[in-house]
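Written out below as structure tokens is the structure these notes cover.
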There are 2 protein chains.
Amino acid sequence: MKHNITVYDIAKEAEVSVSTVSRVLNGTAPVKESTREKIMALINKYQFQPNALARSLTKKETKMIGVILPDITNPFFPEVFWGVENEANSKGYTFFLCNTSGQPELESQSLTILREKQVDGIIFMGGRINLSNCSQELAKEVEDIAKKIPIVLVNGNLPDSSLHRVIINEGKGAEMLTQHLIDLGHKEIAFFGGYDYVSTTTQKVKAFKKTMKANGLKVSNDWVLYGDFSMDAGKKLMADILKREKRPTAIFCVNDVTAVGAVKVAVEAGLKIPEDMAIVGFDDTILASTVIPELTTVSQKSLELGKNAVNVLHKLINNEKVKKVTVIEPELIIRDSTLPKSR
Amino acid sequence: MKHNITVYDIAKEAEVSVSTVSRVLNGTAPVKESTREKIMALINKYQFQPNALARSLTKKETKMIGVILPDITNPFFPEVFWGVENEANSKGYTFFLCNTSGQPELESQSLTILREKQVDGIIFMGGRINLSNCSQELAKEVEDIAKKIPIVLVNGNLPDSSLHRVIINEGKGAEMLTQHLIDLGHKEIAFFGGYDYVSTTTQKVKAFKKTMKANGLKVSNDWVLYGDFSMDAGKKLMADILKREKRPTAIFCVNDVTAVGAVKVAVEAGLKIPEDMAIVGFDDTILASTVIPELTTVSQKSLELGKNAVNVLHKLINNEKVKKVTVIEPELIIRDSTLPKSR
DNA sequence: GTGAAAGCGCTAACAA
DNA sequence: TTGTTAGCGCTTTCAC
């Protein structure tokens, strides 16, 4: 492997000092036109590219952002990432992606790596920040790192935390969905999916129950059925419900994937959706519009979420003032799974 | 901002030299047990973490891999990435993700950035490496960089290239799908979607035609309908076909998303699938199993693809011998969109 | 076992 | 305008 070309090599051949080369590279000070040209010619000739490691080492900034998320194969996260990237590219940032499967150890590990790599900031999604009761220890770890590196939490929170957050108003979304079903005349509504110790689930359930009560309707605990966040959960829970004597007329699923599972089993059992049973999802991922019938759901505004996260982070990095919490309003998306097309 | 803690700080407080600290950090040489303990205590006390930039600068290795892909919101790519990550994490690598939308300029830019950041290797997917006639210039750019940084192309190629590649046998997949349809008795088959200048499309079309011919069947050019790779393409093309007097009895779609679009329009028009029309996709993404009816498709073995890419890259990085091309065999996945459940 | 010192490639005072 | 030089934080000979 031959010696990589450096500013010294360029400087030497151009018969100038390294600082002059650095100046034309960064435009930090005026350089005589003739020497600038000479240097540029050499840079092109050798396809010289400055070593970002060395640069970052002295400048104490890397222009790298770390993104921690639980599952890149869940369509929701790529969409947020896409929003992040769009917004941050123009600001010159690049990304480290860390997939954690939501496991605390992997999150800790990612945090460590990102710190070692000296990223300028971290965007944290999923895992511990969605636990309805996250341990002090896990929370403190994040808090400690945040003292050294700006962190923004996306769609989550930490106990007693003072960290900056960008969140969607999930309760509001759940309320809209529930009200929509009630307005259509549904009185018997069940809830499907999600772990009961994860805030994404509990917030929805809470808003769901509250909205039902506000409309003078009861929610039987028999009809709040937890599971995980997969398609299988939806399938199993629907199969379970179909065996019962008394069935709900509508199902509120924790997310789109679970809703798809529910739809599939219901359709196979010969039910018509929404006539025999209305089903709603949450997230408005691509799945919601590929199923038949298309799902009524709530958009999490994934792009917005990503964009805002970057903006907050960017301000944090530059020591600008930002409000602690940025709340994004969800949007109700009404489709065929609650309203038959023919209407 | 207070001064970040360094090896010097640790060394000073432990009353040893920095080299000793470095030794315990890396285990590169024996250190007396008592001094090691003293140092470790300090490291824990201050939560010291070595600066990876400085380390990489001297070691000339970053343990970072750059991943270039066209569209992270297309479910296929997160799956490959997942495979990449699983395999590479254990080897200690971390990832830079670059989304290019398939635009050559963004690819060039990503390549530049990755070089500046001194990544140890690059995994390249999508964009120019899928063009059926990529310009010399674009190809050369990649080739030039490959002289300095190991690169592996995933599911693509470059003209006259000698780069290492990991690919799925797409032609074989298309052949299996076509043969499957023929075996079911279909004689009138159309092809939907994809740009005609992208190899992912042309390879399939080629294999499709060849298999048809081998079975003594004709393919009318009227029935090879290009588009893009979206759901909309499938919708439009199906709408187009349904207007015609003579209709095919089966449709081969360039990928799952397009197939979903086709299914939706067909179902809305009152057709039964597969009885009135069989439809197949390609990729076996999550979409294939969420649609009703579930899609017969070909698995691209995205995980395998990712894993193998990393393995090849890793060997390249370590100057080990690897064969130029790794071919992964696709798998035919038969589901309801060609075979009715009742059978 | 341990320390001194050079060097990785770049930027940024400070001087000239 | 331009050059000199001192770091940035770490690893790694080479001595001892």
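These numbers come from a predicted model, not from an experiment. Here is how names work: the chains are called A, B, and so on, in the same order as the sequence lines, proteins then strands, and each is numbered from 1. Just the heavy atoms: all of them, side chains too, but no hydrogens, waters or symmetry mates, feed the values below.
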From CZ of B:R36 over to C1' of C:dG1, roughly how many Å is that when rounded to an integer? 12 Å
Please report, rounded to the nearest Å, how far the P atom of D:dC8 is from the CG atom of B:N51. 12 Å
With the side chain of A:V7 defined as its heavy atoms from C-beta on, choose the nearest nucleotide among C:dC10, D:dG3, D:dC10. C:dC10
Testing the 3.5 Å rule here: is there a donor-acceptor pair between the side chains of B:T62 and B:D120? yes
Would you mind reading off the distance between A:K117 atom NZ and D:dC8 atom P, rounded to a whole angstrom? 22 Å
Sugar-phosphate, base or nothing in reach of B:T35, heavy atoms under 4.0 Å: sugar-phosphate
State whether A:T6 places a side-chain N or O below 4.0 Å from either non-bridging phosphate oxygen (OP1 or OP2) of C:dG9. no
Among B:F76, B:F77, B:F81, whose side chain to side chain contact (heavy atoms under 4.5 Å, CB included) with B:M125 holds? B:F77
Base, sugar-phosphate, or nothing: which does A:V16 touch, judged by heavy atoms less than 4.0 Å apart? sugar-phosphate
Give the rounded distance in Å between these two atoms: CZ of B:R55 and P of C:dG7. 22 Å
Between B:S22 and A:P30, the residue closer to the 5' end of DNA chain D by nearest nucleotide is A:P30
Ignoring hydrogens and angles, are the base of D:dG3 and the side chain of A:S19 linked by a donor-acceptor pair under 3.5 Å? yes
Looking at C:dG3, I'd like to know if its phosphate oxygens (OP1 or OP2) sit under 4.0 Å from a side-chain N or O belonging to B:T20. yes
Between P on C:dA13 and NZ on A:K60, what's the gap in Å once rounded to a whole number? 13 Å
Quick check against the 3.5 Å criterion: does B:S101 have a side-chain atom that pairs as donor or acceptor with the backbone of B:Q103? no
Using a strict threshold of under 4.0 Å (side-chain N to carboxylate O), is an ion pair present between A:E13 and A:K45? yes
To the nearest Å, give me how far apart NZ (B:K12) and C1' (D:dG9) are. 16 Å
Nearest-Å distance for atom pair CG/C1', residues A:N4 and C:dG7: 15 Å
Comparing A:N26 and B:Y8 on DNA chain C - which has the more 5′ nearest nucleotide: B:Y8
Is the side chain of B:T35 donor-acceptor paired with the backbone N or O of B:K32 at a distance under 3.5 Å, no angle test? yes
Between atom NZ in B:K59 and atom C1' in D:dT13, what is the gap in whole Å? 15 Å
Please confirm whether any donor atom in the side chain of B:R23 sits under 3.5 Å from an acceptor in the base of C:dG3, or the reverse. yes
Please compare B:L57 and B:K32 by the position of their nearest nucleotide in DNA chain C and report the one closer to 5'. B:K32
With a cut-off of less than 4.0 Å, is there a side-chain N or O of B:T58 near OP1 or OP2 of D:dT11? no
